[in-house]
Number of protein chains: 2
Amino acid sequence: MNEQEKTLYAAKAAVLKALAHPTRLWMAEQLAGGEKCVCEFVNAVDFDFSTISKHLAVLKQAGIVEDEKRGKQVFYRLKVPCVLQFIGCVEAVLKANLRQSCSTAGK
Amino acid sequence: MNEQEKTLYAAKAAVLKALAHPTRLWMAEQLAGGEKCVCEFVNAVDFDFSTISKHLAVLKQAGIVEDEKRGKQVFYRLKVPCVLQFIGCVEAVLKANLRQSCSTAGK
DNA sequence: ATCATGCTTGGCATGATAGCCAAACGACCG
DNA sequence: CGGTCGTTTGGCTATCATGCCAAGCATGAT
């Protein structure tokens, strides 16, 4: 792996890393249904306003969402919707894991 | 978000997290071309044997790869190939980021 | 049996993340 | 103006991740 490849993989991994957190993944999925303001997220989960805000900043920095201020509120929306393609596959992995642990447990 | 959902998102995020590291992502992509033994990875990147081994253990634990010992060597292969669907989208995000930073720089 | 090879595990130092609180900030309201 | 609301930022601590080294453990060769 040369330097250029290293940089590329670091960049790709950074995008995945942004989604690799329960709260952030959840927010990304929520945004699939349309834009939401920060307060909507805060109301739905029991986390500090600042915590949610920072998570959204991570997603924004990764280029996954974009924000727009309207009045007092800031709305976030998905910038690259294909991000949600992931989920199907992630769920496939989970199912495979489950199947395996069940069959193992059954023995 | 209730308890059950929290658990689900934690599980999904854990899978993504396993891939959210440059070396691990690179190895997963390498495995798309067929199984490889640990030593092949070690030779290709300048990391300690133990480091590579631990990364592979993370991927295995997440259910993304599976291993098989044959003789002295251990071979790893992708367990859920759709994992590589991700990559296309991740690259789309990177391209979008690039376009934006270019157009910003151009002003 | 002894040894070398391929790999995993334990342990440690270092750095990154997550969440909370407090403070700052900008937009609107009176 | 001064206040309030929605949000971001700074700062702190606790927890987790990464990579190296050294040691351990199988497997196959001598």
Q) From the list C:dG6, C:dT9, D:dG19, which nucleotide is the closest neighbour of the side chain of B:His21? A) D:dG19

Q) Given atom NZ of A:Lys54 and atom P of C:dA23, what is their separation to the nearest angstrom? A) 15 Å

Q | Proximity to the side chain of B:Val38 - top-ranked nucleotide from C:dA16, D:dA26, C:dC7 | A | C:dC7

Q) In terms of the nearest nucleotide of DNA chain D, which residue is placed more toward the 5' end: A:Lys72 or A:Leu56? A) A:Lys72

(Q) What contact category does A:Ser50 fall into here, base, sugar-phosphate, or nothing, at under 4.0 angstrom with non-hydrogen atoms? (A) base

Q: Would you indicate which nucleotide in D:dT27, C:dC7, D:dT7 comes nearest to any side-chain atom of B:Cys37?
A: C:dC7

Q. Out of D:dT7, D:dC21, C:dT8, which has the shortest distance to the side chain of B:Asp48?
A. D:dC21

Q: Indicate, with a heavy-atom threshold strictly under 4.0 Å, whether A:Phe75 touches base, sugar-phosphate, or nothing.
A: nothing

Q: For B:Tyr76, report the nucleic acid contact type (base, sugar-phosphate, nothing); a contact means any heavy atom under 4.0 Å.
A: sugar-phosphate

Q) B:Gln73 has a side chain; which of C:dC7, C:dG26, C:dT17 sits nearest to it? A) C:dC7

Q: Nearest-nucleotide wise, let me know which of A:Gly71 and A:Arg24 is further upstream toward the 5' end of DNA chain C.
A: A:Arg24

Q: Give A:Lys60 one of three labels, base, sugar-phosphate or nothing, depending on what nucleic acid heavy atoms sit under 4.0 Å from its own.
A: nothing

Q) For A:Lys60, does the NZ atom sit with more than 12 other heavy atoms under 6.0 Å from it, leaving out its own atoms? A) no

